[in-house]
Amino acid sequence: MKFGIIGTNWITDRFIKAAKQHPEFAIGAIYSRKMETGRAFAEKNEVENVYTDMEAMFTSGDIEAVYIASPNALHAQQSILAMEHGIHVLCEKPAVTSIEEMDKVIEASRTHGMTYMEAMKSTVTPSFLSLKKNLDKIGPIRRFVFHYNQYSSRYDNYKNGIIENAFKPELGNGAKMDLGVYCIAPVVHLAGAPEEAIKNNYLLSTGADGQGSMILNYNGMEAVVMYSKISDSFMPSEIQGENGVIEIDRISDPKHITIKYRDGGTEDLSVAHEFDTMYYELAEFMECVKHKQVESSINTHAISREVTKLLT
């Protein structure tokens, strides 16, 4: 399957490296706003076709699908344009920056019969799917405690007066959109939509949130979510139940998952990852395209919509 690539940053480099492990993946074209940047990226990845006109790429016949890793604020517009031209879309998280955008994206997917999937990598990994199947082993769930706190390398520049994209809210960026989404999405996958959401954040001078937290209330349980781009944490995430606790090494990239039962016993729920985590989102997306599914049965449109509501 030939992909167009939108975005020439580090996440795109990682995606391509993972995707090349899939025997059916190929890059048909690169899009960049600047030809010089696009050609340099294309040369590095041995790609011939480079476009600075996105619509021209979508109508070129060079690609069947597109991976979108542009600034968050551009995701919806680019996704819809692609689907209008018969191109399937794998879009980096967060999918969009408003519920209105999400509804338009879902409508475009259904109207044009194109596969659309948010590239939430963690929720399609073997270990997370194993967790999902074994969740009831710890009895009634009482609390999720999921966090992603990672001091951004760009924060030092921010403190020195250099404002990079990571701290520009007009691009749809900030701690909740960039990191909090990795905590909120798995809660929705495991527990569904909350009855109530209480939010707290710390805004930087640009208006972007540097850190924040949320309490999602459910009947008989709660989810506590914490995220930051201005501090670190190395604690695992966990799910607390009446019969035990499930410990997760990193909620953004879960590989080691252990049940610690109240009686002192333990059980390893981890499944060895044969490939880079991003491989699994690509494989899920390509299966959907093959089977003419407009959405994944795992990273569904409905889940992306609910996550968007909580993010925005």
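The first residue of the sequence shown is numbered 1, and numbering continues consecutively from there. Worth saying up front: this structure is predicted, and the values here are computed from it rather than measured.
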Side chain proximity check, [X] to [Y], heavy atoms < 4.5 angstrom:
X	Y	answer
Gln21	Asp276	yes
Val294	Met114	no
Met83	Tyr116	yes
Val145	Met226	yes
Ile63	Met57	yes
Ile215	Val225	no
Ile141	Gln240	no
Ser122	Ser252	no

Taking atom [atom1] of [X] as the centre, does the number of heavy atoms from other residues, nucleotides or ligands within less than 6.0 Å exceed 12?
X	atom1	answer
His256	NE2	no
Glu267	CD	yes
Lys44	NZ	yes
Lys199	NZ	yes
Glu48	CD	no
Gln77	CD	no
Lys133	NZ	no
Arg154	CZ	no

Are [X] and [Y] connected, step by step, through hydrophobic side chains (Ile, Leu, Val, Met, Phe, Trp, Tyr) whose heavy atoms are closer than 4.5 Å?
X	Y	value
Leu81	Val105	yes
Met221	Ile251	yes
Ile248	Val245	no
Met177	Leu216	yes
Val50	Ile87	no

Is the backbone N or O of [Y] less than 3.5 Å from a side-chain atom of [X], with the two atoms forming a donor-acceptor pair by type?
X	Y	answer
Asn9	Thr12	yes
Thr266	Ile259	no
Ser270	Ile257	yes
Tyr182	Asp253	no
Asn160	Ile162	no
Thr37	Ser32	no
Glu101	Thr97	yes
Glu64	Lys2	yes
Ser127	Lys255	yes
Tyr280	Thr123	no

Ignoring hydrogens and angles, state whether a donor on the side chain of [X] or [Y] is under 3.5 Å from an acceptor on the partner side chain.
X	Y	result
Asn157	Glu164	yes
Thr258	Glu247	no
Ser231	Ser228	yes
Ser304	Glu118	yes
His85	Glu55	yes
Asn173	Asn72	yes
Ser297	Gln293	no

Could you check whether [X] pairs with [Y] (Lys NZ or Arg NE/NH1/NH2 to Asp/Glu carboxylate O, under 4.0 Å)?
X	Y	value
Lys290	Glu24	yes
Arg305	Asp103	yes
Lys309	Glu306	yes

For the student: nearest non-hydrogen atoms of [X] and [Y], plus distance:
X	Y	answer
Pro126	Val271	CB-CG1, 3.6 Å
Gly210	Ala175	O-CB, 3.4 Å
Phe128	Pro254	CB-CG, 4.2 Å
Gly113	His88	O-CE1, 4.4 Å

>> Let me confirm one number: the OG1-CD distance from Thr308 to Glu100, rounded to the nearest 0.5 Å.
In response: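 If I round to the nearest 0.5 Å, the distance is 10.5 Å.
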
> Does Tyr158 sit in a hydrophobic cluster with other residues, and if so which ones, taking ILVMFWY side chains as linked at heavy-atom separations under 4.5 Å, directly or through other members?
Replying inline: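 Same cluster as Tyr158: Tyr151, Tyr155, Ile163, Phe167, Tyr202, Leu204, Ile230.
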
> Which other residues end up in the same hydrophobic cluster as Phe3, if Ile, Leu, Val, Met, Phe, Trp and Tyr are linked when side-chain heavy atoms come under 4.5 Å apart?
Replying inline: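 Hydrophobic cluster check, Phe3: joined to Met1, Ile5, Trp10, Ile11, Phe15, Ile16, Phe25, Ile27, Ile30, Phe41, Val47, Tyr67, Leu90, Met117, Met278, Leu282, Phe285, Met286, Val289.
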
> When the aromatic ring centroids of Tyr279 and His273 are compared, is their separation below 6.0 Å?
Replying inline: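 Ring-ring flag for Tyr279/His273: false, centres at least 6.0 Å apart.
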
> Between Glu281, Lys93, His189, which is the residue that forms a side-chain contact (heavy atoms from CB on, under 4.5 Å) with Asn299?
Replying inline: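 Going through the options one by one, the only one that passes is His189.
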
>> With salt bridge (charged side-chain N to carboxylate O under 4.0 Å, His left out) as the rule and sequence neighbours excluded, what pairs involving residues 175-186 come up?
In response: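 Of all non-adjacent pairs touching residues 175-186, those that pass salt bridge (charged side-chain N to carboxylate O under 4.0 Å, His left out) are Asp178-Lys229.
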
